[in-house]
Amino acid sequence: MSTLLPASACRTSLVVLFCTLVLVLSCGGRDEEADGQVTIEFWTIALGDAFADYITGMIDTYETAHPNVRVEWVDVSGAEVAEKFLAALVGGTPPDLANLYDLPRFFQFDILANMDSLVSPVARDRRLSIFWQGMGQYQGTSYALPWYAGVTMMWYNRELFERAGLDPDRPPTTIDEMLAFGRQIHERTGKFGVSWRLHPSLVAPPWALLRLDGVWPLFDEAYTHSTINTPEAALVLQKWVDAYSDGVLPPEALAAAHRDEVNWFIEGRCAMLPFAGGWITRYFDESFERKAVPVAQPRGALGRVPATNQVLVVPRMSPHKREAVDFGLFVTNDVNQLEFSRRVAILPSTKAAIADPYFRREPETSEDRAHILSAADIPNSFVMAPPDVPGWSRMEDVLYEEFARALARDQTVAACLSRVQRKWDHLLAFQ
Amino acid sequence: MTPYLFVGPGLLLLATFFGYPVLDTIWLSFHKYNIFNPAQFIGLDNFHRAFSDELFLRVLANTLLYAAIVVPALVVLSFLLALLLNSAVPGTKLFRTAYYIPVVTSIVVAGIIWKWLYNSDGLLNALLQGLGIAGPAWLADTRGVGQVLLGALGIQTQSVWLSEPALALFSVAMVTVWKASPYYMIIYLAGLQGISKELEEAARVDGAGRWRVVRHVIIPGIRPYTLVVTIIATIAAMRTFGEVYVMTGGGPFHRTNLLSYYIYTLGFKYLEVGYAAAVSLILLLIIMLFAMINFRLSGGDNTN
C-alpha cells in the first residue's frame with residue numbers, strides 16, 4: 001500500500017480540517033460595529049411564536065428612530081434562559097439586554113448593571129414603584145427594568161364546588177377559608193382542593209406562604225441570623241402540613257415539576273388555582289372555560305396579594321449599556337406595554353399604561369375578567385421577591401427540603417423550623 | 001502523513017469537545033470557582049467536602065440504588081422481549097417497530113405521560129383500585145418499596161431494611177426501564193439471530209424442552225451481548241438526568257435526586273463550579289470502575 005498522499009485526498013482532508021477549525025472558532029463572537037453602527041442583542045423568554053410580530057414591530061420602530069442602532073432579537077425558552085445567560089457570560093458574549101428569570105442567582109456576583117445610575121429619575125418615576133423595587137432589586141439597588149407584570153388571582157372550578165356542596169357563587173376570600181373549602185372538596189368529591197406544588201412553586205413557595213400570613217422578614221437586618229423559627233411561622237406551616245395530610249393539596253405536590261399545578265387544575269384534579277395570569281385560558285377547552293371562574297386572590301393575615309414582574313437586565317460587561325438601557329426603556333414604555341397588554345392578559349408596570357381605561361373595560365371572556373381583576377388588585381399587592389440575602393438559592397432549597405419532610409410527616413414543623421434556622425445560620429456564617 | 005490527515009479532523013473534534021472539557025474539569029475540581037471570580041486553588045478540599053457532604057452521600061446512594069434496579073431489570077426484560085420477537089409469528093416486524101417507539105420518544109413527553117399514569121388518581125391506581133388495592137402516590141411516596149408491598153398486605157413496618165429504595169425512586173427507575181429496554185432488545189435480537197439454528201435443533205433432538213434450550217443454548221450464546229448491555233446500561237443509569245428533571249425535580253426531599261441532577265444543581269444553580277467538577281470526576285471514576293469490572297468479566301482484554 002502506498003504511503004504517499006493522493007492529491008485529492010490531501011485536498012479533501014485539508015478542506016475538512018479548515019471547515020472544522022472555522023466551525024470551532026466561529027462559535028461565539030459578535031459583529032463589531034462599523035461606521036458608528038451599534039448592534040445590541042436582545043433576549044426574550046418564549047415570545048417567539050405568539051408575539052413575533054409585536055416584538056419585531058417594536059424593533060423596527062426603534063431602529064427607524066435610531067438609525068445607528070441595530071437590534072438582534074433572540075427568543076429563549078424559559079426553562080433554559082438562566083443557563084444560556086450564564087453560558088453567554090462565561091463565553092464573553094452576553095446579550096446586551098435580556099429578559100431573565102431567577103435573578104437571586106446573579107445578584108451577589110455584581111454582574112448586572114445598576115439601573116439606579118443608568119435610568120433618569122423621570123423615567124424611573126414613570127414606573128410603578130412596587131415593580132421598580134420588585135424582582136430586580138437587591139439590597140436597595142435596582143438591577144433591572146421592570147417589564148410586564150402579573151398579580152395573583154384565583155381560578156376555581158364551579159362544577160367541583162357544586163359537587164362538594166359549596167355555593168359556586170361564593171368563592172373563598174381568605175387563605176384559611178380556601179383551605180377549609182379544599183378540605184370539603186376532597187372529602188365530598190375525592191378531588192383535591194388547591195393546586196399547589198412545593199418546588200419550584202408558581203403559586204407560592206414556602207417562604208411566600210409565610211409572607212402572605214405576615215411572617216416576615218425571615219432574617220435580621222444585618223443578615224447575620226435567620227429569624228424564621230418563631231411560633232407564628234410554626235402556625236402557618238402547620239396549617240399547610242395539615243392541609244396536605246387532609247388531601248387539600250395533591251400528594252404529588254412534593255415531587256412535582258414545571259407547570260404541574262396548572263395542568264392539575266385544567267385536568268379537573270384540583271378545584272382552586274391561585275395564579276398570576278389570565279393567559280392560561282389558552283389551555284382551556286370550551287367546556288372547561290364554562291367551569292373555570294377567576295376571582296380575587298384569597299387574603300392571608302397580611303391582607304395583600306402577591307405580584308410578580310418580568311425584568312430586563314443589562315450585563316455589566318455589555319459594551320453597549322447606554323444603548324441597551326435606552327432600548328429597554330423603549331420596550332417597557334407606556335405605549336409598548338399597553339399594546340402588549342392588549343394582546344395577552346398581562347399587566348403593564350408603568351403608571352400611565354395601567355391607568356388606561358382598557359383595564360376597566362366590560363369583560364367579555366373569562367380571560368378578560370381575570371385581566372381586570374388582577375389589574376384592580378395592583379394597589380393591594382406586594383412583589384413576591386425572595387429575601388435579598390447572599391446565597392438565597394441554596395437557602396431556599398434547604399427550606400424546600402425541610403418543609404417537604406414536614407409535609408410528609410417525616411418530621412414535625414418545630415423540627416423543620418429549627419433545622420432550617422440552624423442550616424441558614426450556618427450558611428450565613430460562611431457568606 | 002496520509003493517515004494523520006484522515007484522522008486529524010476527528011481527533012480535533014474529539015480533543016475540542018471531549019479532551020479539553022475533561023482536562024478542564026480535572027483542573028476545576030482542584031479550585032474554588034463560581035464563574036464570575038477568578039478560580040482559587042484549594043487542593044483536594046472539594047473532594048474532602050464531597051465525602052462529608054450528607055446530600056452528596058445521599059445522592060450517591062440513590063444513584064447506586066437506581067443502577068441496581070435499572071440494570072438487572074433492563075438485562076432481563078430486554079432479553080425476554082428479544083426472545084419473544086425472535087419467534088416467527090405473524091406481525092413480528094410490526095411489533096419490533098412498535099416496541100422501539102419509547103426509545104425515540106422525547107423524555108419530556110414520556111415523563112409527562114408517566115406522571116399522568118403515576119398520579120394518585122391516575123390510571124395505575126385506578127387499575128389497582130379495581131383489584132381492591134389502594135394505590136400509593138408513586139412519585140411522592142418516600143416509603144421503601146418493601147414497606148409499600150407489605151402495607152398493601154396489611155402489614156405495617158418501619159424496618160430500615162425495607163425503607164430502600166424509596167417507591168418514588170423505584171417509580172422513576174421504571175420509566176427508564178420502559179424507555180430504554182427496546183434499545184437493548186435490539187442488541188439482544190442481533191445476538192439471537194447469530195445463534196446457529198442447528199444448535200437449537202440438536203438440543204431439541206436430544207430431548208431438551210423450550211426452557212432448557214433457552215438456558216443451555218441461547219443464554220450462553222448471547223453472553224457477549226449480555227455483557228455489552230450490562231456495560232452500556234450501567235453507564236446510562238449512572239448518568240440519568242432527564243427523568244429526574246422532568247418528573248420530580250429530585251424530590252421528595254432528595255429521594256429521587258441522582259448524581260447528574262445534583263451536578264447540574266451545583267454548577268448551574270449554586271454556581272459552585274469547582275465542587276460540581278469534583279463530583280463529576282467522582283461520577284466519572286465510578287463509571288470507569290463499573291466499566292472495568294464488566295470489561296474484565298467479559299474477557300474483553302483477551303480479544304484473540
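Reminder, nothing fancy here: chain letters follow the sequence lines and each chain counts from 1.
A distance of 6.0 Å separates CG of D410(A) from OG1 of T142(B), quoted to the nearest 0.5 Å. Put simply, CG on N263(A) and CD1 on I112(B) are 7.0 Å apart, with the number rounded to the nearest 0.5 Å. Remark: N34(B) CG to Q108(A) CD distance equals 8.0 Å, nearest 0.5 Å. Here CZ of F192(A) is found 5.0 Å from CG of D121(B). Values are rounded to the nearest 0.5 Å.
Residue contact with chain B, scored on non-hydrogen atoms closer than 4.5 Å, is absent for E402(A). In this structure, no portion of D141(B) lies under 4.5 Å from any heavy atom of chain A. Using a 4.5 Å cut-off between heavy atoms, W116(B) touches chain A through its side chain atoms alone.
Annotation: R239(B), atom CZ; neighbour count of heavy atoms from other residues, nucleotides and ligands within 6.0 Å does not exceed 12. The neighbour count for F170(B) CZ, taken as heavy atoms of other residues, nucleotides or ligands under 6.0 Å away, does not exceed 12. Around NZ of K32(B), the count of heavy atoms belonging to other residues, nucleotides or ligands within 6.0 Å does not exceed 12. Heavy-atom neighbours of E80(A) CD from other residues, nucleotides or ligands within 6.0 Å: above the threshold of 12.
Looking at heavy atoms from C-beta onward, F36(B) lies out of side-chain contact with D110(A) at the 4.5 angstrom threshold.
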Quiz prompt | Derivation and outcome, side chain to side chain contact (heavy atoms under 4.5 Å, CB included), residues I35(B) and L89(A) | solution = CA-CA 9 Å; I35(B) 293 178; L89(A) 281 170; 5.6 Å; no
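Residue E252(A) comes nearest to A140(B) through the heavy atom pair CA-CB, 4.1 Å, listed as atom of the first residue, atom of the second, then distance.
The choice from D102(A), V90(A), I111(A) that makes the most heavy-atom pairs within less than 4.5 Å of chain B is I111(A).
Residues of residues 254-273 of chain B that come within less than 4.5 angstrom of chain A, heavy atom to heavy atom, are H254(B), Y264(B), T265(B), L266(B), F268(B), K269(B), Y270(B), L271(B), E272(B) in numerical order.
In this structure, K191(A) has no side-chain hydrogen bond (donor to acceptor under 3.5 Å, both in side chains) partners at least two apart in sequence or on a different chain.
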